[in-house]
2 protein chains.
Amino acid sequence: MNSQDVILGLLHRRPLTGYEIKNTFERPLSFFFDAGFGTIYPTLAKLESLGYILKESVEQDNRPNKNVYAITEAGRARFKAYLESPMEKDTYRSDFLIRLFFAHYQDRETLIEWIREEIAAAEAEYRALQDGMPDWEPQMTRAQLLCAQIGIASSEAKLRVLREGLAEIERSSEP
Amino acid sequence: MNSQDVILGLLHRRPLTGYEIKNTFERPLSFFFDAGFGTIYPTLAKLESLGYILKESVEQDNRPNKNVYAITEAGRARFKAYLESPMEKDTYRSDFLIRLFFAHYQDRETLIEWIREEIAAAEAEYRALQDGMPDWEPQMTRAQLLCAQIGIASSEAKLRVLREGLAEIERSSEP
DNA sequence: AAGGTCATGTAAGTGGTTACATGATTCT
DNA sequence: AGAATCATGTAACCACTTACATGACCTT
């Protein structure tokens with residue numbers, strides 16, 4: 001799974017510009033995949049050179065011209081091949097957890113700050129997901145709903161453990 | 001946060017060979033960070049060239065010679081600088097969630113198979129964490145315990161949602 | 001006047017994966 | 001006899017990030 005596959009998936013529904021693809025990544029897809037312009041534009045160029053998508057230049061008034069990309073039959077086949085390939089295992093990369101792992105080389109205050117920061121980040125994500133749900137839900141498939149529910153449930157679980165852990169650390173060895 | 005930082009963190013406790021570092025990544029650290037030999041050896045070479053670690057060749061009987069790497073003062077300073085740098089936000093990369101997002105381009109049987117696979121993977125991880133805990137717990141710091149608890153709680157939450165979702169999908173549109 | 005939106009791209013670099021290459025010893 | 005353990009490394013490649021470069025229009 002890589003940006004090529006995901007972009008091909010997005011173009012399945014309708015032709016899009018690089019800029020629109022970037023916006024699609026904002027919400028709610030961004031919770032489990034993201035890409036910047038520095039990835040999107042080179043990837044579109046590559047997909048075009050491979051014959052998976054076709055570029056159409058569209059002139060606009062009062063706006064910069066845009067390149068709209070549409071998926072080809074070869075592109076659909078490529079995407080299907082991805083869906084049929086063996087599933088890759090999930091990876092969770094967390095600077096926070098690595099810091100926790102080595103926290104005994106730092107002072108207690110820093111540890112507490114890290115946990116507070118992580119709680120704030122998890123709360124923000126949790127709220128963004130919950131607040132967005134009413135907007136997205138009507139147009140989401142059942143499987144997409146599952147995606148969102150997994151995100152929400154994981155955030156909840158993480159927050160619960162983090163809050164308990166923080167309370168315990170704050171209680172202990174305090175004057 | 002990258003392999004350099006993590007390896008420097010591991011060498012804080014005692015000098016290690018590349019092979020030992022790889023083993024350390026197995027359990028329990030591997031749940032939130034992993035690296036293969038193709039990353040470890042070049043990283044060790046780089047860290048040495050930067051003066052953060054020192055190599056000592058040790059001859060062994062009946063075994064290949066090994067290179068034991070010890071952290072230097074500059075290495076400790078480097079690691080401290082990492083711990084004091086701004087915390088990076090977590091990234092969760094999931095082929096499974098991407099597939100769920102595009103599941104409507106596949107048939108129902110495949111969707112069910114994906115979910116079953118993901119449940120099996122999450123169960124395996126959950127069990128590995130739970131089974132390992134009694135062994136690791138005595139030598140773990142409180143912060144490391146928190147790491148493990150977050151992993152366990154997230155797996156639980158994910159499993160719960162996945163099982164409910166699977167049941168619902170199996171119920172619906174079934175003969 | 002400042003900041004946001006629409007719009008596209010390149011260049012250089014980082015960081016990591018995969019496959020290859022070797023080989024003795026010990027356990028089952 | 002075969003698999004696992006101990007042990008180290010390189011080369012080619014891939015994917016992605018960051019910074020740079022440009023510029024008009026619209027909203028506050």
Side-chain angles (χ1 to χ4, degrees), chain A residues 1-8 15-27 30 32-50 52-53 55-69 82 85-86 88-93 95 98, chain B residues 1-8 15-27 30 32-50 52-53 55-69 78 82 85-86 88-95 98:
Chain A
M1 189 262 295
N2 56 28
S3 330
Q4 281 188 36
D5 300 317
V6 178
I7 288 176
L8 243 22
L16 296 166
T17 66
Y19 194 82
E20 287 171 324
I21 289 171
K22 174 73 177 139
N23 286 337
T24 308
F25 282 147
E26 297 308 327
R27 240 131 272 258
S30 70
F32 31 95
F33 191 87
D34 207 354
F37 288 124
T39 302
I40 293 170
Y41 289 117
T43 302
L44 285 170
K46 180 118 200 236
L47 286 171
E48 198 200 2
S49 78
L50 291 168
Y52 296 148
I53 59 176
K55 174 162 78 175
E56 195 202 351
S57 287
V58 177
E59 278 176 51
Q60 297 186 113
D61 296 332
N62 303 338
R63 295 258 169 102
N65 292 349
K66 61 183 180 181
N67 300 324
V68 182
Y69 293 90
Y82 153 62
S85 70
E88 287 163 39
K89 80 178 235 279
D90 299 1
T91 55
Y92 181 56
R93 222 177 207 239
D95 192 12
I98 291 292
Chain B
M1 189 261 296
N2 56 26
S3 331
Q4 281 189 35
D5 299 318
V6 178
I7 288 176
L8 244 22
L16 295 166
T17 67
Y19 195 81
E20 287 172 324
I21 288 170
K22 173 72 177 140
N23 286 336
T24 309
F25 281 146
E26 296 308 328
R27 242 130 270 260
S30 70
F32 31 94
F33 191 86
D34 206 355
F37 288 124
T39 301
I40 292 170
Y41 289 118
T43 303
L44 285 170
K46 180 120 201 231
L47 286 172
E48 198 199 2
S49 77
L50 292 167
Y52 296 148
I53 58 177
K55 173 162 77 175
E56 193 201 352
S57 286
V58 176
E59 279 177 50
Q60 298 186 114
D61 296 334
N62 303 337
R63 294 259 170 103
N65 293 351
K66 60 183 180 182
N67 300 324
V68 181
Y69 293 90
R78 173 64 234 268
Y82 154 62
S85 70
E88 287 163 39
K89 81 176 234 279
D90 298 3
T91 55
Y92 181 57
R93 214 169 214 247
S94 170
D95 192 12
I98 290 293

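Letters go in sequence order (proteins before strands), and every chain restarts at 1. Values in this document were obtained by computation on a predicted structure and should not be read as measured data.
- Nucleotide C:dT14 holds its P atom 6 Å from the NZ atom of B:Lys46, rounded to whole Å.
- Straight-line distance from the CZ atom of B:Phe33 to the P atom of C:dG15: 11 Å, rounded to whole Å.
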Requested in this report: Would you sort out whether A:Ile21 and A:Tyr69 count as a side-chain contact (heavy atoms from CB on, under 4.5 Å), showing the intermediate values?
Outcome: CA-CA 10 Å; A:Ile21 289 171; A:Tyr69 293 90; 5.9 Å; no

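- Atom CG of A:Asn65 is separated from atom P of D:dC25 by 13 Å (rounded to the nearest Å).
- With sequence neighbours left out, A:Asp5 forms a side-chain contact (heavy atoms from CB on, under 4.5 Å) with A:Asn2, A:Arg78, A:Tyr82.
- If you measure from atom CG of A:Asp34 to atom P of D:dT18, you get 11 Å, rounded to the nearest angstrom.
- Neither OP1 nor OP2 of D:dC6 sits under 4.0 Å from any side-chain N or O of B:Thr17.
- One atom, CZ of B:Phe25, and another, C1' of C:dG16, lie 13 Å apart when rounded to the nearest Å.
- Residues A:Met1 and B:Asn23 both approach DNA chain D. Their nearest nucleotides, taken by heavy-atom distance, put B:Asn23 toward the 5′ side.
- One interatomic measurement links the two molecules: CG of B:Leu50 to P of C:dT14, which rounds to 11 Å at whole-angstrom precision.
- Atom OG1 of A:Thr17 sits about 12.5 Å away from atom NZ of A:Lys55, to the nearest 0.5 Å.
- Applying the 4.0 Å criterion to OP1 and OP2 of D:dC16, one finds that A:Arg93 has every side-chain N and O outside that range.
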N/O contacts under 3.5 Å, protein versus nucleotides 9-12 of chain D?
residue: D:dG9; atom: OP1; partner: B:Asn67; partner atom: ND2; Å: 3.1
residue: D:dG9; atom: OP2; partner: B:Asn67; partner atom: ND2; Å: 3.0

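- For A:Thr39 and D:dT17, the shortest distance from a side-chain N or O to OP1 or OP2 is below 4.0 Å.
- Aromatic ring pairs are classed by plane angle as parallel below 30°, tilted from 30° to 60° and perpendicular above 60°; the pair B:Phe37 and B:Tyr19 is parallel.
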Requested in this report: For each nucleotide in nucleotides 20-28 of chain C, reading 5' to 3', give B when a protein heavy atom comes within less than 4.0 Å of its base, S when such contact involves only the sugar-phosphate, and - otherwise.
Outcome: ---B-SS--

**Report entry** Full working for side-chain contact (heavy atoms from CB on, under 4.5 Å) between A:Leu8 and A:Ile53
**Finding:** CA-CA 8 Å; A:Leu8 243 22; A:Ile53 59 176; 3.8 Å; yes

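- Taking the ring pair (Phe, Tyr, Trp, His ring centres under 6.0 Å) definition, one finds that B:Phe32 meets it with nothing, sequence neighbours left out.
- Heavy atoms from other residues, nucleotides or ligands lying under 6.0 Å from CD of A:Gln60 number more than 12.
- Between A:Gln60 and the phosphate of C:dA7, there is a side-chain N or O to OP1/OP2 separation shorter than 4.0 Å.
- Taking side-chain N and O atoms only, B:Thr43 has no distance below 4.0 Å to OP1 or OP2 of C:dG16.
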Enumerate donor-acceptor pairs with a distance under 3.5 Å from any side-chain N or O in residues 41-50 of chain B to protein atoms, sequence neighbours excluded.
residue: B:Thr43; atom: OG1; partner: B:Thr39; partner atom: O; Å: 2.5
residue: B:Ser49; atom: OG; partner: B:Lys46; partner atom: O; Å: 2.8

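- One can place CG of A:Leu44 at 9 Å from P of C:dT8, the figure rounded to the nearest angstrom.
- Checked against side chain to side chain donor-acceptor pair (under 3.5 Å), B:Asn67 has the following partners two or more places apart in sequence or in another chain: B:Ser57.
- We find that CG of A:Asp95 is positioned 13 Å from P of C:dG15, with the value rounded to whole Å.
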